[in-house]
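Here the structure is a predicted model, which means the values were calculated and not measured. Heavy-atom basis, side chains included; hydrogens, waters and symmetry copies ignored.
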Amino acid sequence: MKISDVILEMELAGVDSAVITEIVTLQDTEDLDVEMIDDELLKRGYQKIFTVDYESDDDYDDWEEDGFVSVQKFPHKQHYKD
């Protein structure tokens, strides 16, 4: 991910341009640390943009409940009862 991509994502998320420049200047190397960027966004009162915390997601616990009814398979042989 390039710095221009990070800036665009933060602009689309509604982050103030002054905050964007502060966060980008904190990043010294070419390799972007998205966890550090999200931590800085949280410190400034914004939500995470680049990392997803699946355990705190509201739908995380309900992923098994997909709305389909389970089907019980029939035995392959017929069983006759008197």
Side-chain angles (χ1 to χ4, degrees):
M1 185 177 277
K2 297 180 182 179
I3 294 176
S4 60
D5 296 335
V6 171
I7 292 171
L8 178 65
E9 287 291 328
M10 287 193 280
E11 287 174 350
L12 291 175
V15 179
D16 190 33
S17 61
V19 174
I20 293 173
T21 55
E22 289 175 6
I23 292 174
V24 170
T25 55
L26 288 175
Q27 195 69 37
D28 295 334
T29 62
E30 289 292 324
D31 297 330
L32 294 174
D33 184 14
V34 292
E35 292 177 1
M36 188 276 305
I37 293 173
D38 279 340
D39 290 340
E40 291 296 324
L41 287 171
L42 287 175
K43 288 178 188 176
R44 289 168 170 78
Y46 294 99
Q47 293 181 352
K48 290 183 177 183
I49 299 172
F50 301 103
T51 57
V52 178
D53 188 14
Y54 292 108
E55 293 174 359
S56 68
D57 190 15
D58 293 336
D59 296 331
Y60 180 74
D61 296 330
D62 299 332
W63 69 273
E64 291 180 349
E65 298 177 15
D66 55 3
F68 295 104
V69 179
S70 63
V71 177
Q72 182 178 2
K73 295 182 179 181
F74 294 106
H76 66 282
K77 295 182 180 180
Q78 295 179 354
H79 296 281
Y80 297 106
K81 294 183 181 179
D82 288 330

Can you give the donor-acceptor pairs under 3.5 Å from side chains of residues 6-17 to other protein atoms, not counting sequence neighbours?
none

| said: To the nearest 0.5 Å, what is the distance between CD1 on Ile3 and CD1 on Ile23? | reply: 13.0 Å
| request: Identify, with sequence neighbours excluded, every residue that meets side-chain hydrogen bond (donor to acceptor under 3.5 Å, both in side chains) alongside Lys43. | output: Glu40
| query | If you group Ile, Leu, Val, Met, Phe, Trp and Tyr by side-chain heavy-atom gaps below 4.5 Å, do Leu26 and Leu42 land in one group? | reply | no
| said: According to side-chain contact (heavy atoms from CB on, under 4.5 Å), who are the partners of Thr51, at least two apart in sequence or on a separate chain? | reply: Val34, Glu35, Asp38, Lys48
| remark: OH (Tyr46) and CD1 (Ile20) are apart, to the nearest 0.5 Å, by 8.0 Å
